[in-house]
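Notes for the one structure printed next.
Here is the naming used below: chain letters follow the sequence lines, and residue numbers restart at 1 for every chain. None of these values were measured; they are calculated from a predicted model.
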Amino acid sequence: MQSESHEQLHLRRSRISDRWFMAGVYGATGLFVAIVAGLFVELYAGSSSSIHAFGFKFLTSSHWNPVTNQFGALPMIYGTVVSSLIAIVLAGFVGVFGAAYLVEFAPRAVARPLAFLIELLAAVPSVIFGLWGLFILAPVLRAYVEPFLQAKFGFLPIFQGFIFGSSLFTAGIVLAIMIVPTVSAITRDVIAAVAREHREASMALGATRWETMARVILPGATTGIFGACVLALGRALGETIATTMVIGNKPAIAASLFQPAYTLASVIANEFTEATSDLYVSALIELGLLLFVVSLAVNGIARVLTWTVLRPAKAR
Amino acid sequence: MTVGARREPGFMVTALLVADKLTAYYGLHPAIADVSLGFFAKSVTAIIGPSGCGKSTLLRCLNRIHETVPGAWVQGRVLLDGGDTYSPDVSAASVRRRIGMVFQRANPFPTMSILDDVTSGLRYAGRARTHAEKLESAERVLQLAALWDEVKDKLEMPGMSLSGGQQQRLCIARALAIDPDVLLMDEPTSALDPLATAKIEDLIGVLSNDYTIAMVSHNMQQAARVSNYTAFMLAGADRIGRLVEFGETNQMFTRPQERQTEDYITGRFG
Amino acid sequence: MTTTRSQLPFGRRPLTAHMRWRYGWSAVGVIGSGFCAGLAASLLLLILGYVAIQGVAALNPAFLTHVPRPVGVPGAGVANGIVGTFIVVGIAVALATPVGVFTGIYLALFGRGRFAETVRFLADVLSGIPSIAIGLFAYTLFVQPFRHFSALSASLAFAILMLPLIIRTAEESIARVPTRVREGALALGISTYSSTIHIIVPAARAGIITGLLLAIARVTGETAPLLFTAFGSQFWELNPTNPMAVLALQVFTYAISPYEDWHRQAWAGAFLLIVAVLILNVSARLVLRNRFEA
């Protein structure tokens, strides 16, 4: 009888602790969803006065003048898009072929340390990329690389004009270095998944290693590689500190990549604490909202693209 | 299907554990439908049938472990000593403490020592708190499971360090530690070699003196060797498992009443 | 021609011009892609090398033990920023770990259907949201209403940044604990709470700790959201409701300043930062590797 009541007591207690536990589980999940929803709601609410004041002109006007309370984001949109495109072209090339090498061609003893180093590159804080870009890379680009490009390809408008160390070009290269690991990591998974299925069939037909890669594996992995690049592009679009340190921070649209520019994120970083009027703050928050919505879309697309390839391999 | 028409009408009263018109769903699809079956006290009942016939699902409904799979639910009743285990005022945990279970693959807890593992059911029920109490009950059930001599010197080693057969006996000991009335065994030897299988089968024979055992088996010879009663299940084209025949094992294997049973035990299907 | 070829052993047969061309291309492709991989990997060494050389040269005991001083005054340090980093990151860990691990438990054990898929999707997508946007959120939620910068608001931003990583690694490592272990616990009449917290989560702890370490590494170097949350400070500050110095922010401020002396301090701070982040990353790997050996 004694043990029976002990049993009853314990069952009741564990039923109560189970209830609290499940409340914790659902509560945490709900809180997480609420935070993501709250991000959008807060940013939208914070930018409402700017949205009311400028409407769509906010995206199409290139006048950014805090003194007259005129805010148009076009130069920043331009700077963000162009610097990210430079980055993804460079990082896409290096990342994809580097991944191909690591998965299919490299001996294990080479592949593992290289992959390790590239993964660690992703861990380097962006302020350190900025520091390195500002003091080491930018002077080199200004003294050697940019004059060289101007001399050889100066007929192209993108390489004309005065050469600044802090420029769209420098920002694009720093961003490229930062997103190479993202491209490489996901591309490696995708290539490995495709290679498992098709490599041996292709080699058995007498194709060389490179033919197998270029004609069979890479075409089969296109969707996933595209997803990897979109994801990396998302990182480049939202990168703040490194870009702010090397892009020159000038709200103007110039044809030349050697001119200073501005990005959405770096305007926020530079001007937020100095913003005096409520409309100014609101305009800056609207830039943040823009970044949020764009990266939401970009990441959503990237996830759909990479998942169609990687999901079957990872299915539990 | 006119299943059960030939069963003795009294089984519901005399059996210790009774499934009454049990239908188990995964989402919207029933895995087994309308199964009524009794398990008699201190006997071994084998549930046999081709894979996918729902024999494991039936077993998993008996101790309410089926409902822990997201989306899984049950219609019908399971009576233990006449009380409905699915009634709203009965907790699943209290049912599971009276109906122990052993799984297809041994499942020692990854981070626990042998001693902690075998007493885990007790400890989380607030019993066996001191080391002495743990040792005492561990020795009792490890002896019962014929494992004591092999592990008595390494009770602090992780359960995962044992061999497959030892792990399975550890899991049997663990189930016995909470002093259940019924022991459910879901193909307990399917992952073991013949020697370890023989040890488990011997153990089942010994345990049936004190416990009511329900065992799923994919191996008809094993069912014939160790069980007193046998239930045969089969899934139709609709992939829903149903009980075809239930009876004493001797009779089932020598004079099956149903054509389908005969086909199965003579190896004419699947 | 054909007869001579077939009389030679297979390996000695001369290659046709076409085959030679194909193998030549293959070699070019393999070497070219190897160059890409080497380039990407050497970038890390290049950056590490510069930071180490410049940073170690500028390091001295005062740098680690003193607070900042005006430009040119010797004996300046970033001790307040180091302590501030610990405080801001520590509070963020305390905020993010329970929410992240419990959400991971939900996804691994209880979640199904459209809602769970949505939560997973949100976690993936949140990991790609720029940190500066999350900093703005912390600002509108925690700074604007009080008209006061605070370390706490920075911790909030950091916690949100850490969540996706914690959630997904917790989910993955818990889901990898075999179902039969969970069912074994439930079958003994052990409550859902006890079986999850005392049996399943400990079995998955290596993965959970790895995720946590990586999340800490990620925010330790994070700077953007600090600009308008923690804001920075020249002084010793231990009260998290006040503005606080944080190492990464100090590195940024010093780097973009016009003073040579501050640039040196920026390199020294960057060196500390990169050492901390690399240690966290490497130990995260070690935790995982030990688990596989066990």
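Inter-residue side-chain proximity for A/F32 and C/L126 is flagged as met; some heavy-atom pair is nearer than 4.5 Å. Contact annotation: the side chain of C/F252 approaches that of A/I241 to within less than 4.5 Å [non-hydrogen atoms, C-beta and beyond]. Contact check for A/I118 versus C/L44: no side-chain heavy atoms found under the 4.5 Å cut-off. At least one side-chain heavy atom of C/V277 sits under 4.5 Å from a side-chain heavy atom of A/P125. No side-chain heavy atom of C/D124 sits under 4.5 Å from any side-chain heavy atom of A/N299. A heavy-atom distance below 4.5 Å is not found between the side chains of A/L131 and C/Q54. Inter-residue side-chain proximity for A/F116 and C/V282 is flagged as met; some heavy-atom pair is nearer than 4.5 Å. The side-chain heavy atoms of C/R285 and A/E119, taken from C-beta on, include a pair separated by under 4.5 Å.
Within the 4.5 angstrom heavy-atom criterion, only side-chain atoms of C/L163, from C-beta onward, approach chain A. Using a 4.5 Å cut-off between heavy atoms, C/V101 makes no contact with chain A at all. Contact annotation for C/L214: neither backbone nor side-chain heavy atoms come within less than 4.5 Å of a heavy atom of chain A. Residue C/I160 touches chain A through its side chain alone, counting heavy-atom pairs closer than 4.5 Å. For a residue to count as touching a neighbouring chain, one of its non-hydrogen atoms must lie under 4.5 Å from one of that chain's; by this rule A/V94 touches chain C with backbone and side chain alike. No part of C/Y254 comes within reach of chain A, as not one of its non-hydrogen atoms sits under 4.5 angstrom from that chain. For C/R218, no part sits under 4.5 Å from any heavy atom of chain A, backbone or side chain.
The side-chain contact (heavy atoms from CB on, under 4.5 Å) test applied to A/A207 returns A/S202, A/E211, A/T212, not counting sequence neighbours.
Among the residues in residues 21-29 of chain A, those with a non-hydrogen atom closer than 4.5 angstrom to a non-hydrogen atom of chain C are A/F21, A/M22, A/G24, A/V25, A/Y26, A/A28, A/T29.
The closest donor-acceptor contact from the side chain of A/D18 to the backbone of C/T192 lies under 3.5 Å.
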